[in-house]
Amino acid sequence: MENLNQEKIFIGVSWPYASGKLHLGHLAGQNIACDIFARYHRQKGNSVLMVSGSDSHGTPIVFKAEELGITPEQLVDSSHKEILETFEKLSLLYEKYTSTTTQNHKEVVQNIFLVLKELGYLYPQKSKQYYDEKVKKFLPDRYVRGTCPECGALDARGDECPVCGKFLKPTDLIDPYSTLSDSKPILKETEHYYLDLKKLEKPIGDWMDTQSKHWRKWVREFSKGWIKEGLEPREVTRDMKYGIPVPIKGWEEKVIYVWIEAVVGYLSASIEWAKSIGQESKWEDFWKDPKCKHYYFIAGGNVPFHTIIWPAQLLAYSEKYSNDSLWDKYKLPGESKRESLNLPWDVPANKMLLYKGKKMSKSDNTGMSVDSLLEKYSPDLIRFFFVRNAPENHDREFNEKDFIDCNNNELVANIGNFINRSLSFVNSKFNNKVPQGQLDLDVKESIESIFKEVGKYIEGCEFVKATEAILKLGNFANKYFNDKAPWISFKDNLSECENTIYNSIQLVNALRILLKPFIPQSIFTLTTLLNIENEYDANIELTETGKVSKSENNWVFVPLNPSHIINDPKILFAKIEEKEL
RNA sequence: CGCGGGGUAGAGCAGUGGCAGCUCGUCAGGCUCAUAACCUGAAGGUCGUUGGUUCGAAUCCAACCCCCGCAACCA
């Protein structure tokens with residue numbers, strides 16, 4: 001069925017920091033939800049561009065590499081590979097997953113830096129910062145420690161005192177020392193560029209007022225709070241060699257700060273994608289068509305970058321298009337249209353996944369790695385669990401008992417049980433042949449309304465509710481089967497029995513189509529069990545060929561014909577015994 | 001200390017002035033094609049605390065307690 005109302009959907013997914021493996025927070029935060037959203041839209045026949053990549057620059061990477069005795073490049077390379085492997089195991093599928101280390105990214109970042117500078121949004125300013133003479137480095141805030149001026153605690157960090165919670169500047173600390181060498185750092189003058197966010201406060205505030213109505217409440221309130229407090233100019237360069245050099249004469253020893261650099265990846269990865277499919281200007285379809293909606297899947301902590309700073313950069317940069325000399329001088333790769341860049345449509349950020357009451361993070365090792373979970377559980381269960389229990393509006397505690405309950409009560413007892421009892425019945429009583437029948441009115445209505453409901457929820461980024469709706473159909477299906485009692489009518493009213501089973505098989509097929517974006521691997525198996533051949537699937541085409549060639553709406557219920565022969569049933573989801581814990 | 005979110009049954013949550021609800025779990029009974037679902041019934045709450053407004057407060061107001069996140073790379 002050709003999709004006549006094809007929409008363009010751009011999806012930017014938060015760039016994982018390339019300093020180690022993925023942990024459960026990544027899954028709860030963004031990496032599962034984005035994939036379900038993308039798969040749904042591809043299935044619907046929409047044109048999707050989902051990009052992300054490994055955030056490969058920044059001070060922590062340099063320090064971690066030093067600690068491991070390798071170069072930052074080696075650390076970043078191995079992390080990038082590990083991330084890609086994990087994504088593949090979980091069937092997380094991007095149009096482009098790249099890294100901030102590419103030449104293309106560097107070009108785009110420097111282009112944006114220079115344009116913002118020419119437009120007067122970046123200006124240089126001198127300041128004094130702590131410098132460690134032993135290791136010959138300027139120190140990031142958290143690498144300076146000392147006594148808290150507020151409560152007297154020793155070992156307070158340069159950004160915050162862990163004892164009294166006071167927010168500090170490194171220069172507030174009494175008796176500061178460098179965590180890199182334990183020596184006393186000196187204050188040394190340095191010069192940096194600053195992004196003049198103050199100048200952008202009004203336009204960003206206005207944009208947010210009109211745009212944020214459909215955002216999650218907490219994302220909206222949080223972002224508006226930032227604007228209300230007032231935006232201050234922020235440093236955008238660093239005294240470091242590893243990273244993207246500041247493209248200005250005399251600044252060769254400095255790099256562009258990662259917080260302004262990494263978000264540019266959304267644009268540079270789109271440009272890289274366009275190149276890789278051999279259509280250099282294709283990215284403009286997604287970035288310059290005002291009808292293309294931009295969604296950013298991120299985790300809580302990154303909200304201000306995506307609702308304030310990145311939009312501010314885009315808004316400022318778009319002034320290039322009404323300036324003849326800048327337009328001539330600073331074209332992005334493949335750029336042909338003199339039209340401004342799209343701002344975020346929605347930023348469906350999730351809150352934190354907590355483990356034993358604390359947030360998971362790479363830095364303190366409380367986060368369980370995704371790999372350790374993959375050793376014990378199926379990728380589809382992991383996908384389903386993290387979208388079913390996503391911390392969309394509240395922080396959420398992770399525990400393995402809930403994980404097993406989700407498998408046993410929802411995937412096994414609800415969905416799996418219904419599929420199995422239906423297929424087994426066709427197998428044992430009808431020799432694998434779908435019996436004659438017609439769709440009952442209530443079955444038809446249930447299926448149609450659930451399709452609408454689930455679609456509406458996914459499009460509104462309410463994934464927990466989407467899973468609830470699907471489980472509701474599973475519940476309806478089980479009840480239908482039960483109420484109709486085909487095991488009784490088989491003995492005394494064969495045509496009624498046939499009709500019941502015909503309807504049950506249609507419900508199985510409806511669940512199959514609805515669950516495709518969520519648990520693709522199991523659904524692939526179910527498609528085989530139902531002996532459905534030659535069904536077009538945009539996500540499978542993208543997996544296999546790297547691109548989608550058709551625009552077909554397959555988010556529709558298609559009944560299976562009577563007399564269709566299915567294969568022998570097989571258990572789709574295995575029950576997990578609690579004692580295995 | 002600042003900003004934001006939260007505290008309702010064992011767990012997860014809904015509920016913005018009118019009998020405290022939903023999903024899952026627990027217990028008992030019925031039914032049984034199925035990895036067991038479905039039906040009926042039951043247990044389980046000081047709605048964080050205290051005070052106030054009101055005929056009436058989970059809901060509005062005030063003060064306080066507790067948990068989580070953020071402040072520039074920790075999703």
Side-chain angles (χ1 to χ4, degrees), chain A residues 13-17 19 22-31 55 57-61 140-142 150 159-160 164-168 217-226 228-229 234-236 257-262 297-305 309 349-354 357-364 367 388-389 391 393-397 399 401-402 405-406 408-414 416-425 428-429 464 468 471-472 474-475 477-488 490 497 500-501 504 569 571-575:
Chain A
V13 187
S14 184
W15 293 45
Y17 205 52
S19 67
L22 294 177
H23 58 76
L24 301 190
H26 289 102
L27 303 186
Q30 71 267 189
N31 289 60
D55 180 4
H57 294 137
T59 331
I61 282 177
D141 294 356
R142 62 161 74 174
E150 204 69 19
D159 55 349
E160 179 184 7
C164 67
K166 174 87 180 167
F167 299 115
L168 305 169
K217 187 178 156 231
W218 78 267
V219 174
R220 182 174 56 239
E221 295 302 318
F222 187 83
S223 304
K224 285 191 166 176
W226 267 61
K228 220 167 77 188
E229 276 184 68
R234 294 284 168 177
E235 219 174 290
V236 296
Y257 208 162
V258 283
W259 65 260
I260 179 176
E261 178 231 298
F297 284 79
I298 61 169
N302 280 329
V303 165
F305 295 97
I309 290 173
N350 280 348
K351 300 219 88 171
M352 289 285 159
L353 184 72
L354 309 176
K358 293 279 164 201
K359 81 165 175 168
M360 301 185 178
S361 77
K362 274 179 201 162
S363 53
D364 57 12
R388 176 96 185 92
N389 297 285
N393 298 304
H394 311 281
D395 290 343
R396 199 189 159 97
E397 177 78 18
N399 75 69
K401 166 87 164 58
D402 288 346
D405 283 350
C406 170
N408 291 353
N409 300 332
E410 297 181 342
L411 285 182
V412 174
N414 181 335
N417 177 54
F418 177 70
I419 292 170
N420 188 48
R421 73 200 295 198
S422 303
L423 300 191
S424 297
F425 207 97
S428 63
K429 305 288 196 294
V464 174
E468 257 169 33
L471 290 169
K472 207 166 71 188
N475 182 265
N478 271 310
K479 188 163 156 52
Y480 173 84
F481 198 101
N482 218 74
D483 292 349
K484 294 282 177 181
W487 59 93
I488 293 170
F490 182 73
C497 173
T500 301
I501 297 306
S504 299
I571 296 291
L572 269 188
F573 311 106
K575 191 164 177 171

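Per chain, numbering begins at 1; letters A, B, ... match sequence-line order.
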task: Look at N409(A) and G25(B) and indicate whether a side-chain polar atom (N or O) is within less than 4.0 Å of OP1 or OP2.
output: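 Checking N409(A) against G25(B): at least one side-chain N or O falls below 4.0 Å of OP1 or OP2.
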
task: Give a yes/no on whether any side-chain N or O of Y257(A) is located under 4.0 angstrom from OP1 or OP2 of A72(B).
output: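 Answer no for this pair, as no side-chain N or O of Y257(A) is under 4.0 Å from OP1 or OP2.
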
task: Evaluate the ring planes of H23(A) and H26(A), with Trp represented by its six-membered ring, and classify them as parallel (under 30°), tilted (30 to 60°) or perpendicular (over 60°).
output: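 Answer is tilted, since the angle falls between 30° and 60°.
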
- prompt: If you pin N350(A) and R234(A) to their nearest nucleotides in RNA chain B, which one's is more 5'?
  reply: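 Looking at the nearest nucleotide for each, R234(A) comes out on the 5' side.
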
Residue mapping more 5' on RNA chain B - nearest nucleotide basis, N420(A) or E410(A):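 Counting from the 5' end, the first nearest nucleotide belongs to E410(A).
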
Closest nucleotide among [options] to the [X] side chain:
| X | options | result |
| --- | --- | --- |
| K351(A) | C38(B), U35(B), G4(B) | G4(B) |
| I571(A) | U35(B), A72(B), A37(B) | U35(B) |
| A299(A) | A75(B), C38(B), U35(B) | A75(B) |
| V258(A) | A75(B), C73(B), G25(B) | C73(B) |
| N478(A) | A37(B), A75(B), C73(B) | A37(B) |
| F222(A) | A75(B), C73(B), G4(B) | G4(B) |

field: Any residue meeting side chain to side chain contact (heavy atoms under 4.5 Å, CB included) with A574(A), in chain and number order, not counting sequence neighbours
entry: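 A574(A) satisfies side chain to side chain contact (heavy atoms under 4.5 Å, CB included) with no residue once adjacent residues are dropped.
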
task: Return the set of residues passing side chain to side chain contact (heavy atoms under 4.5 Å, CB included) with S428(A) (not counting sequence neighbours), or none when no residue passes.
output: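 S428(A) satisfies side chain to side chain contact (heavy atoms under 4.5 Å, CB included) with no residue once adjacent residues are dropped.
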
Whole-Å [atom1] distance, [N] and [M]:
| N | M | atom1 | value |
| --- | --- | --- | --- |
| A9(B) | A20(B) | C1' | 10 Å |
| U54(B) | C64(B) | C1' | 23 Å |
| U16(B) | C60(B) | P | 9 Å |
| G15(B) | G48(B) | P | 15 Å |
| G25(B) | U32(B) | P | 22 Å |
| G52(B) | A57(B) | C1' | 11 Å |
| U26(B) | A11(B) | P | 15 Å |
| G12(B) | C61(B) | P | 27 Å |

Quickly work out the [X] [atom1] to [N] [atom2] distance and round it to whole Å.
| X | N | atom1 | atom2 | value |
| --- | --- | --- | --- | --- |
| E221(A) | G69(B) | CD | P | 21 Å |
| L471(A) | G12(B) | CG | P | 19 Å |
| D402(A) | G10(B) | CG | C1' | 12 Å |
| K575(A) | A34(B) | NZ | C1' | 12 Å |
| F305(A) | C70(B) | CZ | C1' | 10 Å |
| L411(A) | U35(B) | CG | C1' | 12 Å |
| L24(A) | C74(B) | CG | P | 18 Å |
| K217(A) | G5(B) | NZ | P | 6 Å |

Heavy atoms only, 4.0 Å cut-off, all strands: where does [X] land among base, sugar-phosphate and nothing?
| X | answer |
| --- | --- |
| N417(A) | base |
| F573(A) | base |
| F418(A) | nothing |
| L572(A) | base |
| N475(A) | sugar-phosphate |

With the side chain counted from C-beta on, respond yes when [X] and [Y] share a heavy-atom pair under 4.5 Å apart, and no when they do not.
| X | Y | value |
| --- | --- | --- |
| Y257(A) | R234(A) | no |
| L27(A) | L22(A) | no |
| P304(A) | I309(A) | no |

Residue matched to [N] through Watson-Crick or wobble contacts both under 3.5 angstrom:
| N | value |
| --- | --- |
| G4(B) | C68(B) |
| C33(B) | none |
| G56(B) | none |
| U40(B) | A28(B) |
| C13(B) | G21(B) |

For the pair [X] (side chain) and [Y] (backbone), establish whether a donor and an acceptor sit closer than 3.5 Å, ignoring hydrogens and angles.
| X | Y | value |
| --- | --- | --- |
| W259(A) | E235(A) | yes |
| N409(A) | D405(A) | yes |
| Y17(A) | H57(A) | yes |

Which atoms of nucleotides 26-33 of chain B (N or O only) lie under 3.5 Å from a protein N or O atom, and what are those distances?
| from | atom 1 | to | atom 2 | distance (Å) |
| --- | --- | --- | --- | --- |
| C33(B) | N3 | R421(A) | NE | 3.1 |
| C33(B) | N3 | R421(A) | NH2 | 2.5 |
| C33(B) | N4 | R421(A) | NH2 | 2.3 |
| C33(B) | N4 | N482(A) | OD1 | 3.0 |

field: side chain to side chain contact (heavy atoms under 4.5 Å, CB included) assessment of D402(A) paired with R388(A)
entry: CA-CA 11 Å; D402(A) 288 346; R388(A) 176 96 185 92; over 6 Å; no

